[in-house]
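Please read all numbers here as calculations on a predicted model, not as lab measurements. All heavy atoms count here, side chains included; hydrogens, waters and symmetry mates do not. Every chain is numbered from 1 and lettered A, B, ... according to where its sequence line falls, protein lines coming before strand lines.
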Amino acid sequence: MPIRIYNTLSSQKESFVPLQADRVLMYICGITAYDFCHVGHARSAVVFDVIYRYLKYRGFDVVCVRNFTDVDDKIIKRAQEEGTESQTIAERYIEAFYEDMDKLDVIRPDYEPRATEFIPEMIALIEILIGKGYAYEVDGNVYFAVEKFSDYGKLSKRKLDDMIAGARVAVEVGKKNPMDFALWKASKPGEPAWPSPWGEGRPGWHIECSAMSTKYLGNTFDIHGGGKDLIFPHHENEIAQSEAAFGKIFARYWVHNGFVNINQEKMSKSLGNFFTIREVYERYQPEVLRLFLLTSHYRSPVDFSPESMAEAERGVERLYHTIEQVNEFAGDLSSSEQLPTSKDPEFNSLRDKINSVLTKFHDDMDDDFNTAAALGQLFDLSRALNRFQDSRSRKPTREEKKLLAQGMHRLRECANVLGLLQRSPEEFFRDQRQMLLAKLGIDEEEVEGLIAERVQARKVKDWARADEIRDKLAEMSIIVEDKPEGTRWRVKTASE
RNA sequence: GGCGGCAUGGCCAAGUGGCUAAGGCAACGGUCUGCAAAACCGUUAUUCCCCGGUUCGAAUCCGGGUGCCGCCUCCA
């Protein structure tokens, strides 16, 4: 069964057939580096990271390009505010972007070009457009004439007349049509500038993606991705530029992720209702954010809130607990052999689950990368593993250990496609504790001291004293857990 | 004004013509425990915003209504 992808261009799911049988060429619109990234940027990155991972997992040779916009009005503005160069600003936030994304386990694309590295290519492309009559120069600015491109509006499904009627922007002097957009901007004093046939200036925003995608992927490539807000004008303009210049289909499948909302409203810089990724990391582990982002389908809006993050946190904990338990029960056996049917119904039930879960996982992912459904399969398998262990009161046999190891292997294999569960449970829970201790400013030594004291009290069955200490710890947000192996403690999470 | 999307249990969220409407969180019951906590197991929607229609059959398709959101300006 082929992979099906919802294509914004056709407004429907289509069977995915790449240009070359085993190769997928994809281009993702990256960030404009002028500030720290927020959860919305994280969503886009994670969504396309999962698509990239899944296509590779299904055997495609994927070439992925994601750009950095490092010259732009907002970067210039920021640089002027700080009295520095726009390159300095871009550099700083690109570095911050990598920090945030590496923690989220977003795999770096094969190519990550920056706009300023492709000025000659952009100029060449603009010259082609002028040569073909699609663009014109006015006082050192070059504009794309949208009326000349008959397909203009095909991606965003709008007509030129409607757009002009509803336009909220003041008409810029010099433009032949208010919807014409800049390919090249004449620079004002103090702004970054490059020499060009039209004088000193800098590229417009849209042209960089046309130039860089062509450079790495050719005139026509398979998948073009980005946030829904890029559909118009950015992607519409990219299509106009590239198809006008080369007379070929630009991107074949247009994939757009939905927004991250806060209280039903789009998270955005202009509304000021955003959380940066690093703010989120102060309280939640990156993996929790990742799971949260994948619990909804990528095209739906997703509401960011403390409650939904707490849910995601519990979910990740649940999965790591399963892995921890299997490790304890079965050790680190790895076995790929097909296990025989047993007389034990519990054994067979888990065996069947392990065998069937992969197909279901694939079916879900094949259907327009339905990570929410795919995640359901992981939880299903997790529960099957727990149930099986729960049914064993004696020591597991070797066959049972093998079965559990296989189940855990499968769980991790699927989770890996989603970029989840790749750490050891110990590492996860340790990091969780460290993060919370730091966040709440709790002294670990003090906790350990009280715990030791309580262990003593329990030894002599001084329950009153033990409970007293437990209450005291609870006030410090520390929860005590008496396990058969000994007493453990953890920091209370926000959801408790 | 133009264009588009969404509405499923207490909450989040899959499912878009037909076996029992995934899964998560929460709640409750149980196992465990000195008591707890944690963990685990189990239970929890005869019903999918409302009204019509198509169909042997609809949460799923069509028409109308209500509510919410997004894009049309920089934006993942």
Trainee: Within a radius of less than 6.0 Å around NZ of A:K77, do more than 12 heavy atoms belonging to other residues, nucleotides or ligands occur?
Mentor: no
Trainee: Once you round it to whole Å, what is the distance between C1' of B:A39 and CZ of A:F429?
Mentor: 10 Å
Trainee: Expressed in whole Å, how much space separates the P atoms belonging to B:A14 and B:A22?
Mentor: 15 Å
Trainee: Would you mind classifying the nucleic acid contact of A:K269 as base, sugar-phosphate or nothing, using non-hydrogen atoms under 4.0 angstrom?
Mentor: nothing
Trainee: Indicate, with a heavy-atom threshold strictly under 4.0 Å, whether A:G40 touches base, sugar-phosphate, or nothing.
Mentor: base
Trainee: Kindly give the atom pairs (protein nitrogen or oxygen, nucleotide nitrogen or oxygen) under 3.5 Å for nucleotides 40-43 of chain B.
Mentor:
from	atom 1	to	atom 2	distance (Å)
B:C40	O2'	A:D390	OD1	3.2
B:C41	OP1	A:R383	O	3.4
B:G42	OP1	A:R387	NE	3.1
B:G42	OP1	A:R387	NH2	3.4

Trainee: I'd like the P distance from B:U54 over to B:G15, given in whole Å.
Mentor: 29 Å
Trainee: Rounding to the closest angstrom, what is the interatomic distance between B:G10 and B:U16 at atom P?
Mentor: 23 Å
Trainee: Under 3.5 Å, side chain of A:K175 to main-chain N/O of A:D180, donor-acceptor pair present?
Mentor: yes
Trainee: Give the dot-bracket line for RNA chain B from 5' end to 3' end: parentheses for intra-strand Watson-Crick or G-U pairs under 3.5 Å, square brackets for crossings, | for inter-strand pairing, dots for unpaired.
Mentor: ((((((((.[[[..)..(....]]].(((((.......))))).....[[[[[..)....]]]]])))))))....
Trainee: Taking all non-hydrogen atoms of both residues, which atom of A:H297 and which atom of A:D368 are closest, and how far apart?
Mentor: CE1-O, 3.0 Å
Trainee: Classify the nucleic acid contact of A:G30 as base, sugar-phosphate or nothing, counting any heavy atom under 4.0 Å across all strands shown.
Mentor: sugar-phosphate
Trainee: Ion pair present between A:E475 and A:K472, side-chain N to carboxylate O less than 4.0 angstrom?
Mentor: no
Trainee: Could I get the full list of side-chain contact (heavy atoms from CB on, under 4.5 Å) partners for A:R458, not counting sequence neighbours?
Mentor: A:R454, A:W463, A:A466, A:D482, A:T487
Trainee: Tell me whether A:K157 at atom NZ has more than 12 heavy atoms from other residues, nucleotides or ligands lying less than 6.0 Å away.
Mentor: yes
Trainee: To the nearest angstrom, how far is A:L230 atom CG from B:U73 atom C1'?
Mentor: 14 Å
Trainee: Name all residues meeting the ring-ring contact (aromatic ring centres under 6.0 Å, His included) criterion together with A:H362; count only those two or more places apart in sequence or in a different chain, and write none if there are none.
Mentor: A:Y57
Trainee: A:N273: which residues meet the side-chain contact (heavy atoms from CB on, under 4.5 Å) condition with it, sequence neighbours left out?
Mentor: A:I262, A:E265, A:M267, A:S268, A:L271
Trainee: Starting at NZ of A:K492 and ending at C1' of B:A38, how long is that distance when rounded to a whole Å?
Mentor: 14 Å
Trainee: List the residues meeting side chain to side chain donor-acceptor pair (under 3.5 Å) with A:H38, not counting sequence neighbours, and say none if there are none.
Mentor: none
Trainee: May I ask you to say what A:V47 touches in the nucleic acid, namely base, sugar-phosphate or nothing, with a heavy-atom cut-off under 4.0 Å?
Mentor: nothing
Trainee: For B:C71, does either OP1 or OP2 sit under 4.0 Å from a side-chain N or O belonging to A:K266?
Mentor: yes
Trainee: My understanding is that only residues two or more places apart in sequence, or in another chain, count here; which of them pass side-chain contact (heavy atoms from CB on, under 4.5 Å) with A:S308?
Mentor: A:F292, A:S305
Trainee: For a quick check, with a 4.0 angstrom heavy-atom cut-off, what is the B/S/- contact string for nucleotides 6-18 of chain B, read 5' to 3'?
Mentor: -----B-SSS---
Trainee: Drop me the distance from A:L291's CG to A:L418's CG, to the nearest 0.5 angstrom.
Mentor: 9.0 Å
Trainee: In whole Å, measure the gap between the C1' atoms of B:U31 and B:C68 for me.
Mentor: 45 Å
Trainee: Can you tell me how far C1' of B:A76 sits from CZ of A:F232, to the nearest Å?
Mentor: 18 Å
Trainee: B:C19 and B:A58: how far apart are their P atoms, nearest whole angstrom?
Mentor: 11 Å
Trainee: Taking B:C61 as the reference, what is the distance to B:G17 when you measure between their P atoms (whole Å, please)?
Mentor: 8 Å
Trainee: Distance between the P atoms of B:C71 and B:G65, in whole angstroms?
Mentor: 25 Å
Trainee: Restricting to ring-ring contact (aromatic ring centres under 6.0 Å, His included), what partner residues turn up for A:F221, sequence neighbours left out?
Mentor: A:H224, A:F250
Trainee: Which residues pass the ring-ring contact (aromatic ring centres under 6.0 Å, His included) test with A:F275, sequence neighbours left out?
Mentor: A:F304
Trainee: Between A:R490 and B:A37, is there a contact of a side-chain N or O with OP1 or OP2 at under 4.0 Å?
Mentor: no
Trainee: I'd like a table of atom pairs between the protein and nucleotides 31-34 of chain B - only N or O on both sides, under 3.5 Å - with the distance next to each one.
Mentor:
from	atom 1	to	atom 2	distance (Å)
B:G34	N7	A:R458	NH2	3.2
B:G34	O6	A:R454	NH2	3.4
B:G34	O6	A:R458	NE	3.3
B:G34	N1	A:D467	OD1	3.0
B:G34	N2	A:D467	OD2	2.8

Trainee: Could you work out, with ring-ring contact (aromatic ring centres under 6.0 Å, His included) as the rule, every residue matching A:Y6, not counting sequence neighbours?
Mentor: none
